[in-house]
Structure formats: C-alpha cells, structure tokens
Amino acid sequence: MGLKLNTKIILGFIIAVGVLLLTSAVSWYSIQQLAYYTQRVEHTYQVLQGTANLRTHMRDAQSHIRSYLLLNDTSALTSFRRVLPESEADYQLLRSFTFDNPSQQYRLDTLHKTMAAEIAYLSQWPQRTPSNEAVRELVRGDQNRQQQLRNLLNRMHSEEQALLRERRKQQDFFENTTPLAIVVSAVLAAIIVLWLFRKITKEVRANEELQQELARNNDAVARRIHIIEELANKVVEGDYSVQITDVEKDSLGNLATALNRMTQTLDTSFTALENRNRELDQFAYVASHDLKAPLRGVVTVVKWIEDELPHELSPQMRQYLDMMKGRLHRLEDLINGLLAYARAGRTEQPLEPVEVQQLIQEVSELVVPPTFRVETPTSLPTFNTDRLSLQQVFTNLMGNAAKYHNRPDGLITVSCRDIGECYEFRVQDDGPGIAPQFHQKVFLMFQTLRDRNTAESTGIGLSIVKRIIEEKKGTIHIESEEGAGATFVFTWPK
C-alpha cells in the first residue's frame, strides 16, 4: 500500500533532515577540529614569537650596557631600564602560553632564575666607569649566562617546533576533510531548501531589521567616540577639567568613566604640582635670605675690625682678613647661584620682540671689560622670544669668556645661523681653550677648571645656562681644544 503524499513528504523531510544532521555533525566536528588545531598552531607561533622576543630583549639589555660603557651614553641606561619590564612581560606571557606543558614550565623556572642572575649582573655595570676595558670585562663575564639563556630558549624553541609539526599535520588533515563534509551538507541542504523557504524568508526580514538596528547603533557609537576624541583633544591642549556625560553601561561608557577619572586626577595632580612649585620658590627665597643674613653680619664684623684696629693688625692678619672676605663673598655668590639655578626656566616670561644685535651690545657693556673686543660677523636675528632667559644665557657665556681669559685683552665673537625651527648661536673666544675631556664637566654644578684661589667662581653659571636652554627645548655643547680658544654652540627655538 502506497504511502500518502503528506506521509512521503514528512518521511522524506525526516530522512533528509536526519542525513543533513548527520553530515552537519560530521562537518561541525571537522570544523571544530580544524579550528582547534588552527588555534593550537597559532598558539605555537605565539610561543615561538615569545621566545624570540625574550631572546632579543635579553640581548638588548646587554647591548645597552655595552653602549653605555663604550660611549658613555646615559640614554642607553634609560633603554636598559625600559627593557627589563618588557623582558619580564615576555616571560610571563610565555608562562601563560605554556601552562599546559609541564616540560616547558620546568624550563621556564630555570629560565627565570637565569634571567634574574643576568639582570642582577648587568645592573652592577652602570656604577662602573665607562671604558673599552669595562666592555671587554662585561662580555667575558656574561658569556656563560648568555649561553645558558640561548640554550634554554633554543630547547623551548625546538620543542615548540616539534609540536608545530604535529599540529600542522592534524590541521592539514582537517583542512582536507572539512570541505568534503561541507559540500555533502550543502547538497543535502539544497534538497530541503524548498521546505525551509518560509523560514529563510523570515530570516531575511529579521536580518534586514538587524542591519537597521546595527546602523543605528553605529551612528550612536560614532557620536560617542567623537565626544571622547574631543575630550582627548582638550586634554592635549591643557584643559584637564573636561568631563564626558555618558551613562551607558557598556565598554564605551566604561571608557568615558575612566577618562573622566583620568582628567580629574590630572587636574588635581597639576594643581598640586603648581602649588609645590610655588612652595619651592618661596623656600628658595626664604632659605637664601636666611643664609645671607649671618654672612652679612660676619662681613660687617670684619669691616669693623679693619676700621677700628687699623694700627694693631699685622700684615699677616690683614691677609687673613682679606682671605676671609673673599671666602664670604664667594659663599654669597654661591647662595645667589643656587637660587638662580633653582628658578632657571621655572618662571614663565612673556614673549616679546628681541633684537639680538642690540641684546649682545647691552650684555657686552655689562659684563665684558673695555679691553676686550666683541664682534658679530654674521647678521643676528630679531624674533619673538623670552628676552630675560636669552639675555641670561649670553651674559653667562660672554662673561665667562672674559673672566677665564688668559690675557687682559681678547676677542669674543658672536654669530648665528638659521637651522629651521631653531637658531644656532655660537659664542667664541680666543682664550686658553678647554681640553676635550672637560667638555661635559664644565656643565656640572660646582665644577670649575681653574683654582678657586686664582679666579673666584661658584661653578654654577654654566649649569644655569644648560638648564635654561634645555627648558626651552634647545641644546648646548662645546667645540674647543686646549690652547685654541673655546666655542659654546647652543640652539634656541624660534
């Protein structure tokens, strides 16, 4: 007896659905396995990349120390300190990636101890005096640790390569079987597509509604992102009081809340910093005033002794009193210099048009003896800048050129050239010059190259000059040889 049409349709539908479900299950299993082994392959590549990154960072750590010892480049120490947390982050990432691999975890334990020993060894070298011998000693003393690190990382790399080959083999297998299963499922799906037509139609309508909803959500997200961008721009411009009004409980809402906390913290921090700077200025003023008062008292007492006991003082006693007055004046100059250094570049000065030619003439009349000649072979610019700071720089440089000259007369040359965003000024003298080994020393506080009994000096003037120029985002260096005069070259932003 033949089956009814409805029964045939239902039976055919059940069989078709059953076969489809079976093939779909096979396809799903193949896809899952393919996705799993693809993920495992990617995971292995991440471990391999992590070992490479860790090897690079540990090698860079030693390289930065070598650069410091070889070139006396203090920026290399900054790079060295930055590499340490990066290498620790790479190690922690490797540990998380290999949590299911006991052998790799065991190697990581040993690796961490070796890294700690390497970092402890390298951290000792910034206290050493830079030299070629120090570099050779560093490399010789670090060979075993570096070799241990390479061996451990190579063994980890080898094991991961073996895992990678096995996983790629499984991945290739499921890459070949998955398309076949999908094709079978697609053919069977085509058989029952008419039965699913109404459902598909509904799905299409639902999809259109979903697209419209997504478009509305995208517009809302774009608007909220624009508000966040405006806040970021205002923070860049220095406005830390801005806030975002966004009460949504999603990722963007959480980001807006975090940005609000950040701007509030920045506003509070900068306000506190301004208050501390004002307190520091007040402290410097009070400290200098309180230190000067007893100095003036001692000077007065010495003057009283000279005035009231002129006939009772022996020549040797007068020499002692003169020495005392010289030391007291030097101490007062030192206090003034420390106060000037503390305030250098700290006070915002208004920008005004400055004729550098006229400025040089004024400085010459103030600090250069009449026996010296000041020449300006090139044209000097006129531009808007902080006049007081630029005047202080020229005053110190030109005053030093005359003060430390080996003759009572001499020549001071001031020139300038345009180098784009900055002017490069050169203050040159024909004095005794400065040996190359002292080019950096002269910019340190309290450092002078002449005997203090020969020329009174606090050793702060060039420190103030360097600080002012660096506050203005400029640079300064010396070009000089002993016996050939000295040239101080500094850049000043336009």
Side-chain angles (χ1 to χ4, degrees), residues 20-63 79 82-116 118-119 146-187 189 207 210-211 214 217-218 221-222 225 250-252 254-255 258:
L20 180 59
L21 289 176
L22 178 61
T23 56
S24 296
V26 174
S27 299
W28 177 84
Y29 176 79
S30 298
I31 293 171
Q32 291 296 316
Q33 291 298 307
L34 177 61
Y36 171 78
Y37 283 106
T38 300
Q39 187 272 333
R40 299 311 295 171
V41 167
E42 181 181 355
H43 177 272
T44 304
Y45 279 124
Q46 289 174 331
V47 175
L48 292 173
Q49 184 62 46
T51 59
N53 290 342
L54 186 57
R55 180 187 294 110
T56 300
H57 284 141
M58 294 308 297
R59 184 172 60 247
D60 287 346
Q62 191 202 63
S63 176
S79 301
R82 186 172 62 248
V83 164
L84 299 184
E86 293 174 353
S87 60
E88 180 62 23
D90 289 336
Y91 168 80
Q92 295 298 335
L93 198 61
L94 281 175
R95 177 157 303 268
S96 64
F97 281 154
T98 60
F99 73 95
D100 58 346
N101 192 329
S103 61
Q104 295 287 53
Q105 290 280 297
Y106 176 77
R107 291 191 185 97
L108 284 173
D109 290 338
T110 306
L111 178 64
H112 198 245
K113 295 176 183 177
T114 308
M115 285 174 58
E118 172 70 1
I119 292 171
Q146 284 287 333
Q147 186 61 43
Q148 276 187 294
L149 287 171
R150 284 193 293 270
N151 291 341
L152 286 169
L153 290 171
N154 287 337
R155 285 195 289 271
M156 291 185 65
H157 186 274
S158 299
E159 181 166 338
E160 290 299 324
Q161 286 286 5
L163 288 173
L164 178 62
R165 289 190 294 271
E166 179 63 26
R167 290 167 179 173
R168 286 298 301 270
K169 180 179 179 181
Q170 295 292 333
Q171 183 187 31
D172 292 340
F173 170 78
F174 285 105
E175 279 181 348
N176 295 328
T177 58
T178 298
L180 179 62
I182 293 174
V183 168
V184 173
S185 298
V187 171
N207 186 59
L210 178 61
Q211 291 292 338
L214 287 174
N217 289 339
N218 287 338
V221 169
I225 291 176
D250 56 7
S251 298
L252 284 178
N254 295 335
L255 177 59

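Please read all numbers here as calculations on a predicted model, not as lab measurements. Residue indices begin at 1 and follow the sequence shown. Excluded from the calculations below are hydrogen atoms, water molecules and symmetry mates; all remaining heavy atoms, backbone and side chain alike, are included.
- A search for ring-ring contact (aromatic ring centres under 6.0 Å, His included) contacts involving His157 returns nothing, not counting sequence neighbours.
- Note that CG of Asn154 and CZ of Arg107 are 11.0 Å apart. Values are rounded to the nearest 0.5 Å.
- Atom CG of Leu108 sits about 9.5 Å away from atom OG of Ser103, to the nearest 0.5 Å.
- In this structure, CG on Leu149 lies 10.0 Å from CZ on Arg55, to the nearest 0.5 angstrom.
- Two residues are said to be in side-chain contact when any heavy atoms from C-beta on lie closer than 4.5 Å; His112 and Glu88 meet this criterion.
- Note that the CZ atom of Arg165 and the NZ atom of Lys169 stand 11.5 Å from one another [nearest 0.5 Å].
- For the pair Arg155 and Leu152, the minimum side-chain heavy-atom distance is below 4.5 Å.
- Summarising the geometry, atom CG belonging to Leu54 is positioned 8.5 Å from atom NE2 belonging to His57; distances are rounded to the nearest 0.5 Å.
- Judged purely by distance below 3.5 Å, without hydrogens or angles, the side chains of Gln49 and Asn53 pair a donor atom with an acceptor atom.
- Under the 3.5 Å distance criterion, the side-chain polar atoms of Thr114 are matched with a main-chain donor or acceptor of Thr110.
- Partner of Ser87 under the side chain to side chain contact (heavy atoms under 4.5 Å, CB included) criterion, chosen from Glu118, Met58, Arg59, Gln92: Met58.
- Judged purely by distance below 3.5 Å, without hydrogens or angles, the side chains of Gln105 and Asn101 never pair a donor atom with an acceptor atom.
- Side-chain polar atoms of Glu160 and Thr51 form no donor-acceptor pair below 3.5 angstrom.
- In this structure, Arg82 CZ and Asp60 CG are separated by 10.0 Å, a value rounded to the nearest 0.5 Å.
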